[in-house]
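A quick write-up on the structure given underneath.
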Amino acid sequence: MNNQEVARILNALADGLEVQGENLYKVLAYRKAATSVHDLGRDINDVARAGELRTIQGVGEAIAQKLESLLATGSFDLWDRVQREVPAGVLEILHIPDVGPRRAKLLWEHGVTSPAELAEAARQGKLRALPGMGEKIEARILANIELVARRPDRIPLGVALPLAEELLDVLRHVKGVRRVEAGGSLRRRQATIGDIDLLVASADAAPVMDAFVAFPQVAAVIARGPTKCAVQLHNGRQVDLRVLPPAQWGTLLQYFTGSKEHGIHLREFALSKGLSLSDNSFKVVKTGREIFVAEEEDVYARLGLPWIPPELREDRGEIEAAQAGELPDLVELHDLKGDLQMHTVFSDGKATVAEMADGAVRRKLKYIAITDHSQSLGVAGGMSPERLAEQRVEIEAVNARLGAKLRVLAGVEVEILKDGTLDYPDELLAGLDLVIASLHTGLRQPREQVTRRMVSAIRNLHVDIIAHPTGRLLPDRDPADLDMDAVLTAAAETGTIMEINADWHRLDLDDVYVRRAIELGVRLEISTDAHRADGIGDLGYGVSMARRGWATAEAIVNTLPLSRFLKSMKGGRHAQRVIL
DNA sequence: GCCGTTTTCGGCCCGACTGTTTTCAGTCG
């Protein structure tokens with residue numbers, strides 16, 4: 001059982017207990033433990049074997065015992081009981097908007113135990129008769145059942161960010177508006193986004209709200225008050241808007257950037273200093289005096305903390321690090337000097353070597369690697385050794401033309417075959433400037449097998465980089481079932497570089513593995529995997545993922561100048577070779 | 001159920017909005 005499955009069970013248990021009316025703090029404890037396990041970065045089975053379950057945040061004696069049973073036998077007593085007592089469909093109902101634990105319980109008591117039964121009851125007008133419910137709730141619930149069925153859970157960052165920018169651009173120009181920003185998971189640059197949160201500073205909220213609900217993308221207004229407004233777009237996505245006067249911008253932005261866990265922790269920390277923190281202001285608990293804060297930096301400063309970058313705000317130790325003055329100096333986009341994975345018309349790219357190189361110059365990069373696919377990947381136009389040799393001639397011509405402006409490395413993205421060998425012979429790989437290896441097939445192999453393939457590629461002296469290590473695709477394709485600690489440990493031992501793939505469909509490694517890789521001493525790089533020249537512009541998504549994993553510039557090898565990067569490569573393979 | 005530069009027991013973040021209500025419960029983020 002992997003971390004995600006364990007987290008899913010803990011969350012389902014929390015749902016079940018909540019519907020049963022169990023103590024809310026107990027429910028909260030299970031959810032917190034679920035989040036910790038989900039974001040652990042280590043295999044929970046390894047942690048259990050090492051007897052270190054109690055070191056996980058939010059896991060105490062009781063939950064540790066339950067986890068031990070869960071990992072050993074596949075279940076534990078309380079989970080068995082809750083599954084027996086609460087129908088699975090009731091938990092599904094709980095995930096429909098406007099249905100919380102109280103209503104789910106109420107519906108269950110009236111014989112409604114699945115979304116289908118709930119929809120039927122709503123259509124027959126039976127819900128309005130229940131206490132605390134009426135026609136409006138009934139209609140909303142019916143609409144929400146359909147919404148949940150047709151809308152994907154979350155959308156990729158690369159879809160949500162441009163959409164949010166488009167909306168913000170309009171709001172920015174409304175009269176009286178001083179500042180606009182996207183908050184929530186978008187500002188924290190999570191790989192996928194649920195709802196979009198927009199924040200505005202303006203003395204007058206009404207015109208902002210008017211402009212907001214008038215967007216052509218808006219299908220329905222869910223809620224509208226004096227400071228807060230929520231709408232649903234035609235694509236099913238919810239967008240929340242909050243407007244406060246500029247004097248309160250600091251607390252507003254801090255509050256709605258989240259994460260929820262970071263916010264709760266920070267507000268607890270504030271209370272320990274005698275301050276109650278909300279989106280509106282600080283309040284001095286003793287006197288009730290209210291303090292407005294216009295800048296987010298000053299929210300943290302008033303608590304004696306340095307400003308914490310949004311990407312770190314997941315309650316994964318950043319508040320403690322801030323207290324200790326040990327926040328990492330995170331890598332930034334302008335630190336990157338090269339892009340080490342991209343494709344051209346020699347395989348499945350849309351641009352020539354020259355076009356990609358010119359694109360890189362426009363982005364102010366100093367070096368790139370052309371890394372088209374190897375022969376066996378037929379669907380992506382994999383290259384024969386002869387084609388590879390032809391490409392090399394073209395690369396040299398571009399290098400001659402660009403001179404000191406840009407250095408183009410001749411590389412390849414070589415397939416790791418089903419038996420763990422590589423798609424080109426070692427002699428051929430030895431002649432290239434850079435070798436990236438990756439998995440595109442057999443991603444669903446059993447854990448041991450796929451891990452063994454990956455580790456054997458890592459142990460090949462000619463493999464410099466492993467690209468998109470887990471093979472996940474957002475939002476739908478799960479990562480391969482790799483033993484990532486084994487993979488990362490092998491990478492650390494051999495000096496093999498792990499890629500942070502900046503394509504927003506991938507963002508792989510993700511933040512959790514980036515952080516684990518750094519802990520284990522693995523060298524990392526950020527590349528776009530671009531298939532057209534403007535794809536190089538996506539480097540920023542990879543930087544965001546690296547920052548979420550607490551990466552400094554020192555942790556990322558393509559922040560190095562080319563000569564130092566080449567010298568640092570595996571086994572000193574370039575030390576004996578003249579390349580510049 | 002967790003946890004401790006207020007606490008090993010008694011706390012556990014904070015507020016907006018809606019709908020069904022004559023003062024508040026439920027949901028959400």
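Only this structure's heavy atoms are used, side chains among them; waters, hydrogens and symmetry mates stay out. This is a predicted model, so every value here is computed, not measured. In what follows, chains are A, B, ... by sequence order, proteins preceding strands, each numbered from 1.
In this structure, A/Tyr30 and A/Gly134 both approach DNA chain B, and ranking their closest nucleotides by distance from the 5' end singles out A/Tyr30. Between A/Gly58 and A/Arg224, the one whose closest nucleotide on DNA chain B sits nearer the 5' end is A/Gly58.
In this pair, A/Trp79 and A/Phe76 present their aromatic rings tilted. The plane angle is within the 30 to 60° band.
Within 4.0 Å of A/Glu135, counting heavy atoms only, lie sugar-phosphate atoms of the nucleic acid but no base atom. Within 4.0 Å (heavy atoms only), A/Leu24 reaches no atom of the nucleic acid at all. Within the 4.0 angstrom heavy-atom criterion, only backbone atoms of the sugar-phosphate kind lie near A/Lys66; the bases stay farther away.
One atom, CD1 of A/Ile319, and another, P of B/dT5, lie 14 Å apart when rounded to the nearest Å. Note: CD (A/Glu320) to C1' (B/dC3) measures 13 Å, nearest angstrom. The nearest whole Å value for the distance from the CG atom in A/Asp279 to the P atom in B/dA16 is 6 Å. Here the C1' atom of nucleotide B/dC14 and the CD1 atom of A/Ile264 are 9 Å apart, to the nearest Å. In this structure, the CD1 atom of A/Ile222 is 15 Å from the C1' atom of B/dG19, given to the nearest Å. Rounded to an integer number of Å, the gap from A/Arg128 CZ to B/dT20 P is 10 Å. At whole-Å resolution of the value, CZ in A/Arg140 and C1' in B/dG19 are 9 Å apart. Residue A/Lys26 contributes atom NZ, which lies 10 Å from atom P of B/dC2 at whole-angstrom precision.
Remark: A/Lys283 is in phosphate contact with B/dG15, judged by side-chain N or O atoms under 4.0 Å from OP1 or OP2. Here A/Ser276 reaches the OP1 or OP2 of B/dC14: one of its side-chain N or O atoms lies under 4.0 Å away. Residue A/Tyr25 places none of its side-chain N or O atoms closer than 4.0 Å to OP1 or OP2 of B/dG1. One finds a side-chain N or O of A/Asn280 lying less than 4.0 angstrom from the OP1 or OP2 phosphate oxygen of B/dA16. Residue A/Thr227 has a polar side-chain atom (N or O) positioned under 4.0 Å from OP1 or OP2 of B/dC17.
To the nearest 0.5 Å, the span separating CD on A/Glu52 from CD1 on A/Ile44 amounts to 11.0 Å.
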Contact list (N/O, under 3.5 angstrom) for nucleotides 6-11 of chain B vs protein:
none

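Among A/Asp195, A/Leu167, A/Val218, the single residue meeting the side chain to side chain contact (heavy atoms under 4.5 Å, CB included) criterion with A/Val239 is A/Leu167.
Comparing B/dC13, B/dC2, B/dG19 against the side chain of A/Arg267 picks out B/dC13 as the nearest. Distances from the side chain of A/Ile63 to the nucleotides B/dG1, B/dT18, B/dC14 place B/dG1 closest.
The separation of B/dT18 from B/dT23, taken at their C1' atoms, amounts to 15 Å, rounded to a whole angstrom. Taking atom P in both B/dG15 and B/dG10, the straight-line distance is 26 Å, to the nearest Å. As rounded to the nearest Å, B/dT8 and B/dC2 have C1' atoms that lie 12 Å from one another. When the P atom is used for both B/dT22 and B/dA16, the distance is 23 Å, rounded to whole Å. Nucleotides B/dT6 and B/dG1 have their P atoms positioned 27 Å apart, rounded to a whole Å. B/dC13 and B/dC17: their P atoms are spaced 22 Å apart (whole Å). B/dC9 and B/dC14 have their P atoms separated by 25 Å, given to the nearest Å.
With sequence neighbours excluded, the residues that form a salt bridge (charged side-chain N to carboxylate O under 4.0 Å, His left out) with A/Arg506 are A/Asp529. Among residues two or more places apart in sequence or in another chain, the salt bridge (charged side-chain N to carboxylate O under 4.0 Å, His left out) test is passed with A/Asp503 by none. Checked against side chain to side chain donor-acceptor pair (under 3.5 Å), A/Arg179 has the following partners two or more places apart in sequence or in another chain: A/Glu295. Listed by chain and residue number, nothing satisfies the salt bridge (charged side-chain N to carboxylate O under 4.0 Å, His left out) test with A/Glu166 (two or more places apart in sequence, or in another chain).
When the shell of 6.0 Å around CZ of A/Arg224 is examined, it contains more than 12 heavy atoms from other residues, nucleotides or ligands. More than 12 heavy atoms of other residues, nucleotides or ligands lie within 6.0 Å of CZ in A/Arg150, so this atom counts as buried by the packing criterion.
Between the side chains of A/His262 and A/Asp315, no donor N or O sits under 3.5 Å from an acceptor N or O. Remark: the A/Thr528 side chain and the A/Asp538 side chain contain no N/O donor-acceptor pair separated by less than 3.5 Å. Residues A/Glu117 and A/Thr113 have side chains that bring a donor and an acceptor to within less than 3.5 angstrom of each other.
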Next item on the list: Quick one, give me the B/S/- string for nucleotides 21-29 of chain B, reading 5' to 3', where B means a protein heavy atom under 4.0 Å from the base and S means that only happens at the primed atoms, P, OP1 or OP2.
Entry: -----SSSB
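Nucleotide B/dT8: unpaired (no Watson-Crick or G-U wobble partner with both distances less than 3.5 Å).
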